[in-house]
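This report concerns only the one structure given below.
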Amino acid sequence: MAVPDGAVRVALLGCGVVGTEVARLLLTQGDDLAARVGARLDLVGIAVRDTSVPRDPVVDPALLTTDAEDLVTRADVVVEVMGGLEPARGLLLRAIEHGAAVVTANKALLGADGPTLYAAADQAGVDLYFEAAVAGAIPLVRPVRESLAGDRVTRVLGIVNGTTNYVLDQMTTSGLELDQAVKQAQELGYAEADPTADVEGYDAAAKAAILASLAFHTRVAVDDVHREGILDVTADDVAWARRTGHVIKLLAIAELVEPEGTEGAAPGVPGVVARVHPALVPLDHPLAGVHGAFNAVFVEAQAAGELMFYGRGAGGAPTASAVLGDVVTVARHRVLGGKGPVESRYAELPVHGVGEALTRYQVHLRVEDRPGVLAQVAQAFAAHGVSIETVRQGRAATDGPPVAGDADGAGDRADILVVTHQARDADLAATVTEVGALLVVRSVLSVLRVEGA
Ligand code: NDP
Ligand code: HSE
């Protein structure tokens with residue numbers, strides 16, 4: 001669609017942490033952006049909930065409106081940085097219906113109902129871009145969707161939530177409690193409006209769904225992603241991780257698997273597993289050196305090998321950088337005619353549960369300290385075909401954290417730390433259930449997956 005009056009009209013939905021920085025770049029870098037696009041980007045309005053809220057001086061109050069429904073019909077490019085499912089979804093659909101290209105940072109919406117938006121944009125022949133929805137400033141969506149379009153991606157693994165990385169990092173390096181660190185992440189603008197989305201892993205799961213869909217040309221919904229957050233990670237877990245040469249990171253992993261026929265999977269048919277959970281990462285692994293709200297993602301592809309993407313995964317200005325990259329791209333398309341690639345789902349691979357993933361466990365047990373206990377524990381692992389890599393034992397009183405009900409005078413206790421070889425997650429989980437039920441096992445202190453070793 002040509003640009004009638006020489007300028008591309010841009011509407012901004014939202015003027016919070018990200019929206020303010022998007023407005024700043026649009027308003028302060030106009031000449032450069034015009035040169036790159038081939039036409040001026042004219043910010044025609046900014047939709048907010050409340051126009052009377054004090055804003056950054058860069059935002060001209062005359063641009064503010066609460067009538068987003070009207071605003072989206074007056075633009076060539078609509079940028080959605082308001083968040084949430086509605087009214088964001090309805091507004092984007094309305095914008096698409098009116099022929100506007102859309103740019104969104106809203107991973108929650110794309111994870112929940114991306115296909116509706118992709119289909120609408122495809123049908124209307126307009127662009128739908130969302131680089132900022134995954135890993136903030138890091139160019140990741142476009143490399144996976146476009147640069148690797150000629151390769152076969154086999155695995156995507158990394159840290160995609162800045163808030164939880166900040167929280168775990170603060171727990172590790174400064175000994176902060178989880179609540180204190182979450183509050184700091186909110187103050188720094190990393191956390192979602194409701195930080196539950198971050199700490200319970202919903203945000204990372206939405207990003208994993210988006211990445212898995214792009215990487216494997218298969219529709220992966222957020223509900224398909226196995227999700228565990230960081231609320232159960234304790235200071236003791238963090239301390240034990242360090243003692244064993246690891247750090248704990250919340251990882252998002254999407255990979256191709258060859259299932260063994262359980263959990264509804266047909267043997268021999270490759271499928272996709274997507275999961276988000278805390279994991280032990282060896283201290284010498286590059287992901288262990290990812291601090292603060294930074295994100296880092298490894299992409300493994302058959303011909304390219306291993307690629308690593310690293311940068312700021314959250315915050316207003318970094319996210320605005322990714323948004324503006326999309327705005328410039330779709331505005332260029334508008335000026336030159338044409339549009340970018342549409343979502344590709346041709347492969348339609350089966351999506352399996354986490355039970356089909358291959359991983360390793362570190363299991364921390366408090367047991368009775370008497371002959372034959374280790375043999376019983378080892379037997380439970382063997383019964384499920386899980387091979388033990390290392391076992392470390394120490395006296396509970398000196399080598400492990402205290403456990404409620406332990407000082408009952410009923411005899412000595414020992415702590416055992418078992419690290420397994422790689423096995424199916426379903427077999428590892430069944431092993432832990434069996435071990436936990438043994439009479440000689442007083443408590444399963446923690447179970448963490450080990451990745452990157
Ligand atoms: P904020 O909560 O800071 O800002 C939201 C903005 O949207 C506010 O200006 C708010 O108006 C406006 N808004 C919300 N609901 C409505 C509504 N119903 N009608 C009109 N305006 C509305 O959010 P963020 O800037 O942090 O996040 C925005 C989006 O970007 C989200 O989808 C988030 O997931 C995503 N994102 C955020 C990142 C970050 O680091 N913060 C990083 C990557 C993506 P008002 O100001 O009047 O309240
Ligand atoms: N709340 C998100 C995070 C923002 O902490 O990563 C970036 O998507």
Side-chain angles (χ1 to χ4, degrees), residues 1-15 18-19 21-47 60 63 65 67-82 88-106 109-110 114 116-134 137 139 141-143 145-147 149 214 319-344:
M1 191 185 296
V3 183
D5 61 356
V8 176
R9 297 165 302 163
V10 179
L12 188 55
L13 308 181
C15 193
V18 179
E21 298 310 316
V22 171
R24 191 186 312 284
L25 291 176
L26 279 170
L27 295 168
T28 61
Q29 311 214 6
D31 291 346
D32 281 339
L33 294 172
R36 291 169 201 172
V37 169
R40 290 203 75 77
L41 298 179
D42 186 8
L43 182 57
V44 293
I46 306 175
D60 177 357
L63 288 172
T65 176
D67 193 351
E69 290 272 340
D70 170 64
L71 179 60
V72 298
T73 65
R74 297 190 278 115
D76 304 303
V77 176
V78 171
V79 179
E80 188 271 306
V81 283
M82 61 174 34
R89 170 173 31 203
L91 290 168
L92 287 179
L93 289 172
R94 187 172 162 84
I96 289 168
E97 205 176 290
H98 278 262
V102 293
V103 172
T104 179
N106 193 336
L109 175 56
L110 292 172
T116 302
L117 294 168
Y118 303 138
D122 196 16
Q123 203 178 352
V126 298
D127 279 327
L128 165 58
Y129 272 56
F130 48 89
E131 183 63 70
V134 183
V141 167
R142 214 161 307 169
R145 181 163 75 172
E146 295 174 35
S147 314
L214 292 172
T319 307
S321 162
V323 170
L324 257 292
D326 281 353
V327 170
V328 167
T329 302
V330 303
R332 262 194 211 132
H333 293 165
R334 188 87 6 175
V335 170
L336 298 172
K339 60 189 281 296
V342 295
E343 192 213 17
S344 151

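Any value given below was found using the heavy atoms of this structure, including those in side chains, with hydrogens, waters and symmetry copies removed.
When the options V126, D127, V37 are evaluated for a side chain to side chain contact (heavy atoms under 4.5 Å, CB included) with H333, the one that passes is D127. Paired with Q29 under the rule side chain to side chain contact (heavy atoms under 4.5 Å, CB included), one option of L26, D31, L25 passes, and it is L25.
Taking the six-membered ring for Trp and thresholds of 30 and 60 degrees, F130 and Y118 have ring planes inclined between 30 and 60 degrees apart.
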query = Is there a side-chain contact (heavy atoms from CB on, under 4.5 Å) between D70 and T65 once you walk through the steps?
reply = CA-CA 9 Å; D70 170 64; T65 176; over 6 Å; no
key: Criterion side-chain contact (heavy atoms from CB on, under 4.5 Å) on L109 and L92, from CA distance to verdict   = CA-CA 11 Å; L109 175 56; L92 287 179; 3.9 Å; yes
task = Might you work through the salt bridge (charged side-chain N to carboxylate O under 4.0 Å, His left out) test for R94 and E97, ending with a clear yes or no?
result = CA-CA 5 Å; R94 187 172 162 84; E97 205 176 290; 5.8 Å; no
inquiry  = As a quick check of understanding, evaluate side-chain contact (heavy atoms from CB on, under 4.5 Å) for R142 and T329, giving each step before the final call.
reply    = CA-CA 11 Å; R142 214 161 307 169; T329 302; 3.1 Å; yes
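Judged by distance alone, with hydrogens and angles left aside, the side-chain atoms of D76 form a donor-acceptor pair with the main-chain N or O of R9 at under 3.5 Å.
Note that OG1 of T104 is 12.0 Å distant from CZ of R89, once rounded to the nearest 0.5 Å. To the nearest 0.5 Å, atoms CG (L324) and CD (E131) are separated by 12.5 Å. For the atom pair CZ (R36) and CG (L41), the distance works out to 10.5 Å, reported to the nearest 0.5 Å. To the nearest 0.5 angstrom, E343 atom CD is 7.5 Å from L214 atom CG. Interatomic distance, T73 OG1 to L91 CG, rounded to the nearest 0.5 Å: 10.5 Å. Between D67 atom CG and L71 atom CG the span is 8.0 Å, to the nearest 0.5 Å.
The shortest heavy-atom contact between E80 and N106 is OE1-CB, 3.0 Å. Nearest approach of P341 to Y129, heavy atoms of both residues: CD-OH, 3.8 Å. Nearest heavy-atom pair, A331 versus V8, reported as atom, atom and distance to 0.1 Å: CB-CG1, 4.2 Å. Between A95 and V102 the shortest heavy-atom distance is CB-CG1, 3.9 Å. Residue A132 comes nearest to D326 through the heavy atom pair N-OD2, 4.3 Å, listed as atom of the first residue, atom of the second, then distance. Scanning both residues, A39 and G6, for their nearest heavy atoms gives CB-O, 3.5 Å.
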